[in-house]
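Letters A, B, ... are given to chains in the order of the sequence lines, protein chains preceding strands, and every chain is numbered from 1.
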2 protein chains.
Amino acid sequence: MAREYAKSLDRLINEFQKMPGIGPKSAQRLAFYIMSITLPEAAELSDAIKEAREKLKPCSVCFNITDIDPCFVCGDKMRDQSVICVVSEPKDMIAIEKTREFKGLYHVLGGVLSPLNGVGPETLRIKELLNRLRDGQIKELIIGTNPTTEGEATAMYLTKLIKPLGIKITRIASGLPIGSDMDYADEMTLARAFEGRREL
Amino acid sequence: MAREYAKSLDRLINEFQKMPGIGPKSAQRLAFYIMSITLPEAAELSDAIKEAREKLKPCSVCFNITDIDPCFVCGDKMRDQSVICVVSEPKDMIAIEKTREFKGLYHVLGGVLSPLNGVGPETLRIKELLNRLRDGQIKELIIGTNPTTEGEATAMYLTKLIKPLGIKITRIASGLPIGSDMDYADEMTLARAFEGRREL
């Protein structure tokens, strides 16, 4: 685009355009933002990118993104070492951590099964999960993949695979979000809410 | 946000959140994008930010953002030295350049008059524009501020100020965009299209 721009501005716009969800207009807007901040502020951003990419690695136990290994969860001996919650991405794990409800361990798959996109079981960290389950410490496996088609398929696949090991397997509940209006819920969600009803 | 994140990831998310139009979710998405690219790719982005901020300066003549001074337009003696098009931001100038219709010079105001936001005439490069007009070379001044309330007010202000110098002042046309449907045009635009009608 825009060969009329000064070369370094053009380069920056191109770099921003590679980012997900950033089109030509947003990239231009971000580039002009860079022009508007002070030199130290720009250096701060620039360094943050470099540092994050250089320092952060997947945790060797659960594959959460971390700058210490094992990560803050795996390294915390106060946490319940008998429960693992399987999630798709590190951000799902963080979302769960924010609730402060779950005190067990995690396992980050690095995606969900998606044959159409070429994501098979060997692409995900399933082998590593099985290795963790084999030491006999784990009593429950909570499958915390998203309630999407692919997340559900992944949950089913894991259940079939792990059931024979004799470990209790649970799935996070689907249903109406708190504060929502039944009238606006989609049919699938409402059907799930009925299916998953509990006695009071 | 998210003190559960690794420190360098948290820092990066915070940096991204400072950018315009980037909320917490987008900042997180961009940070995970950084994790997903290679080290050289991350370095490329990081350097582009630093380089752009360090190298780019306003052109000393027209205040376009440039890495050479005077900028590629002001330095091009083949361009019509008797016409200046006044725009608000460098990106407006680039938009005009892309049409390849205009062969004159530019003057970037650095904004539009907006008393409510504390932008008065002294904040814009109006004094510098007047200096350029005083050398007598300029025959026409095209006011290319956006057809918004503030852009119009700025155009009126400039007209009043510069008219006494005896320079021809023109305003870019407002009307229906090419390919648009009259039925969907707002009243202001349609009224302008009538007002600005031309004989065929």
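Distance check, rounded to the nearest 0.5 Å: NZ of B/Lys57 to CE of A/Met35 gives 9.5 Å. The line from CG of A/Asp47 to OG of B/Ser8 is 12.5 Å long, rounded to the nearest 0.5 Å.
At a threshold of 4.5 Å between non-hydrogen side-chain atoms, the residues A/Thr66 and B/Leu9 do not count as touching. Between B/Leu12 and A/Glu51, the closest side-chain pair of non-hydrogen atoms is not below 4.5 Å. You'll find the side chain of A/Phe32 reaches within 4.5 Å of the side chain of B/Lys91, heavy atoms only. Contact annotation: the side chain of B/Ile49 approaches that of A/Phe16 to within less than 4.5 Å [non-hydrogen atoms, C-beta and beyond].
Contact annotation for A/Lys7: both backbone and side-chain heavy atoms come within less than 4.5 Å of a heavy atom of chain B. Heavy-atom distances place the backbone of B/Thr38, and not its side chain, under 4.5 Å from chain A. Proximity to chain B (any heavy atom under 4.5 Å) is shown, for A/Ser26, by neither the backbone nor the side chain. Heavy-atom distances place no part of A/Ile68 under 4.5 Å from chain B, backbone and side chain included.
Most heavy-atom pairs under 4.5 Å with chain B: of the set A/Lys55, A/Met93, A/Glu89, A/Glu44, this distinction falls to A/Glu44. Comparing B/Leu56, B/Ile65, B/Ile34, B/Val73 by heavy-atom pairs within less than 4.5 Å of chain A, the highest count is held by B/Leu56.
By the 6.0 Å contact criterion, CD on A/Glu122 is enclosed, its count of non-hydrogen atoms from other residues, nucleotides or ligands being greater than 12. By the neighbour-count criterion of 12 heavy atoms within 6.0 Å, atom NZ of A/Lys168 is sparsely surrounded, having that number or fewer from other residues, nucleotides or ligands. More than 12 heavy atoms of other residues, nucleotides or ligands sit less than 6.0 Å from atom NZ of B/Lys103.
Note on B/Val86: it clusters hydrophobically with B/Tyr157, by side-chain heavy-atom contacts below 4.5 Å among ILVMFWY residues. Both A/Leu161 and A/Leu129 are part of a single hydrophobic cluster, where members link through side-chain heavy atoms under 4.5 Å apart. B/Val61 and B/Ile94 are not part of a single hydrophobic cluster, where members link through side-chain heavy atoms under 4.5 Å apart. One hydrophobic cluster, built from ILVMFWY side chains closer than 4.5 Å, holds both A/Leu124 and A/Ile162. A chain of hydrophobic side-chain contacts below 4.5 Å, direct or via other Ile, Leu, Val, Met, Phe, Trp or Tyr residues, connects A/Ile142 to A/Leu130.
Formation of a donor-acceptor pair under 3.5 Å by the A/Ser46 side chain with backbone atoms of B/Ser46 is found in this model.
Across B/Glu15, B/Lys18, B/Arg11, a single residue satisfies side-chain contact (heavy atoms from CB on, under 4.5 Å) together with A/Leu45, and that is B/Glu15.
Nearest approach of B/Pro20 to A/Arg29, heavy atoms of both residues: O-NH1, 2.6 Å. Closest approach of A/Glu54 to B/Leu39, counting heavy atoms only: CG-CD2, 3.4 Å. Of all heavy-atom pairs spanning A/Ile37 and B/Arg53, the tightest one is O-NE, 2.5 Å.
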